[in-house]
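Following: one structure in structure tokens, then a few remarks.
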Amino acid sequence: MLAVSVVIISYNRPDEIRRNISELLYELNPEVEVVVVDNNSEIPVRSVLVEFRDRIKIIEMDRNVGVAARNTGVQHATGEIVITLDDDVFGLTAHDVQLIKEQFQEKESMAAINFRVIDDLTEKQINWCHRRHLNEWGGKEFSTYEISEGAVAYRRQAFLDAGMYPAYFFISHEGPDVALALMNMDWDVVYCPDITVRHAHSMGGRPGWRRYYYDTRNMVWLGVRRYPLALFLRKVPLHLMAMFFYSLRDGYLSFISRLYMTRRGG
């Protein structure tokens, strides 16, 4: 039977990571490895999880490196299957882990399984990133070229062979980048609604401008890295126009412009 590791990255969410680890260790079988990567939190995760230190592996980054912390966690994991979660994503059960193991054993071409995500309070399905209609496809399994990074299971070696998440993305669009890399290596990426987790949407550690800046910049990088020219010309300009509108609507356009110039050294 395939061995499983759970990798969670955490940044400035002490309450969430404590709840997460407490629930996981209560629910999962002891043979499931739990790895927590602390992305240089102001309150160190090690001090928050001191009572669990003998049952988990904690890796401490010397600065907040964004998605590269997931790469580090997967590299340190020992399981052939690695489940990656955000620190505010809860509800993974022993039954879910067993189902994930069975899926990977039965489908040898599968490299990644996306989970169904529901709101922790309302229980409505959320975080839908797939290019299909939620109402029609939310309860069906299908192949996808998207990956929900905080709620996904990987065949570990396939993830490593695909090059992992591009560290310089920091956050945003790293999921489809890996999905397309896996598919180019003839692996399958699927969405499986039978595995459901809960997202609490904690805003701790998330500055308001971040989504606008990185969603815009990284879409260009994703297109350059993974899209054929025709697809790049069809998708990227539309995305940039949409992000321009959202930034203007929500009052972030001037802030994002200043941030962009500062990061360029202008």
Take atom [atom1] of [X] as the centre, draw a 6.0 Å sphere, and report whether it contains more than 12 heavy atoms from other residues, nucleotides or ligands.
X: Glu31; atom1: CD; answer: yes
X: Leu2; atom1: CG; answer: yes
X: Arg131; atom1: CZ; answer: yes

- Any chance you could lay out the side chain to side chain donor-acceptor pair (under 3.5 Å) test for Ser148 and Asn127, step after step, and finish with the verdict? CA-CA 8 Å; Ser148 51; Asn127 293 15; over 6 Å; no
Could you state the interatomic distance from [atom1] ([X]) to [atom2] ([Y]), rounded to the nearest 0.5 Å?
X: Ile83; Y: Leu92; atom1: CD1; atom2: CG; value: 5.0 Å
X: Ile17; Y: Asp38; atom1: CD1; atom2: CG; value: 9.0 Å
X: Leu49; Y: Arg18; atom1: CG; atom2: CZ; value: 7.5 Å
X: Phe232; Y: Arg226; atom1: CZ; atom2: CZ; value: 14.5 Å
X: Leu240; Y: Arg217; atom1: CG; atom2: CZ; value: 13.0 Å
X: Asn20; Y: Asp87; atom1: CG; atom2: CG; value: 7.0 Å

Check: [Y] and [X] side chains under 4.5 Å, non-hydrogen atoms:
X: Ile126; Y: Ile118; value: no
X: Leu160; Y: Gln75; value: yes
X: Glu60; Y: Asn40; value: no
X: Glu80; Y: Arg156; value: no
X: Leu85; Y: Val7; value: no
X: Asp161; Y: Met185; value: yes
X: Phe142; Y: His130; value: yes
X: Phe52; Y: Val36; value: no

- Going through the distances and angles, do Phe90 and His199 end up as a side chain to side chain contact (heavy atoms under 4.5 Å, CB included)? CA-CA 6 Å; Phe90 309 101; His199 191 185; over 6 Å; no
Grab the two heavy atoms, one from [X] and one from [Y], that are nearest each other, plus how far apart they are.
X: Val117; Y: Ala151; value: CG2-CB, 3.9 Å
X: Ala112; Y: Leu182; value: CB-CD1, 4.4 Å
X: Met61; Y: Thr72; value: CE-OG1, 3.8 Å
X: Thr78; Y: Lys57; value: CG2-NZ, 4.4 Å
X: Pro166; Y: Asp177; value: CD-OD1, 3.6 Å
X: Val82; Y: Ala77; value: CG2-CB, 4.0 Å

- Query: Would a line drawn from the ring center of Tyr191 to the ring center of Trp128 be shorter than 6.0 Å?
  - Reply: yes
- Task: Could you tell me if the ring centre of Phe170 sits under 6.0 Å from that of Tyr214?
- Result: yes
Is there a donor-acceptor pair under 3.5 Å between the side chain of [X] and the backbone N or O of [Y]?
X: Asn71; Y: Tyr165; value: yes
X: Asp86; Y: Val89; value: no
X: His173; Y: Thr216; value: no
X: Asn39; Y: Val65; value: yes
X: Asn12; Y: Glu42; value: yes

- Task: Apply the test side chain to side chain donor-acceptor pair (under 3.5 Å) to residues Asn218 and Ser172: give CA-CA distance (whole Å), side-chain angles for both, the deciding distance (0.1 Å), then the verdict.
- Result: CA-CA 7 Å; Asn218 290 359; Ser172 186; 4.8 Å; no
- Before giving the answer on side chain to side chain contact (heavy atoms under 4.5 Å, CB included), spell out for Arg116 and Ile195 the whole-Å C-alpha distance, their side-chain angles and the decisive distance to 0.1 Å. CA-CA 6 Å; Arg116 178 174 177 261; Ile195 305 161; over 6 Å; no
- Message: My understanding is that only residues two or more places apart in sequence, or in another chain, count here; which of them pass side chain to side chain contact (heavy atoms under 4.5 Å, CB included) with Glu141?
- Response: Gln103, Lys107, Cys192, Pro193
I'd like to know if [Y] and [X] are part of one continuous hydrophobic network [Ile/Leu/Val/Met/Phe/Trp/Tyr, side-chain heavy atoms within less than 4.5 Å].
X: Val178; Y: Phe104; result: no
X: Tyr26; Y: Val197; result: no
X: Met183; Y: Val224; result: yes
X: Phe115; Y: Trp187; result: no
X: Ile58; Y: Val6; result: yes

- Message: Would Val48 and Ile43 count as a side chain to side chain contact (heavy atoms under 4.5 Å, CB included) here? Give the steps.
- Response: CA-CA 8 Å; Val48 176; Ile43 301 175; 3.8 Å; yes
- Task: Output yes when Lys124 and Asp119 qualify as a salt bridge under the 4.0 Å nitrogen-oxygen rule, no when they do not.
- Result: no
- Message: Does this structure show an ion pair linking Glu23 with Arg198, if we count only N-O contacts that are shorter than 4.0 Å?
- Response: no
- Item | Stepwise side chain to side chain contact (heavy atoms under 4.5 Å, CB included) test for Val190 and Met110 | CA-CA 8 Å; Val190 303; Met110 183 185 295; 3.7 Å; yes
- Message: Would you call the rings of Tyr154 and Phe159 parallel, tilted or perpendicular, taking 30° and 60° as the class edges?
- Response: tilted
- Item | Plane angle bin for Trp221 and Phe169 - parallel if under 30°, tilted between 30 and 60°, otherwise perpendicular | tilted
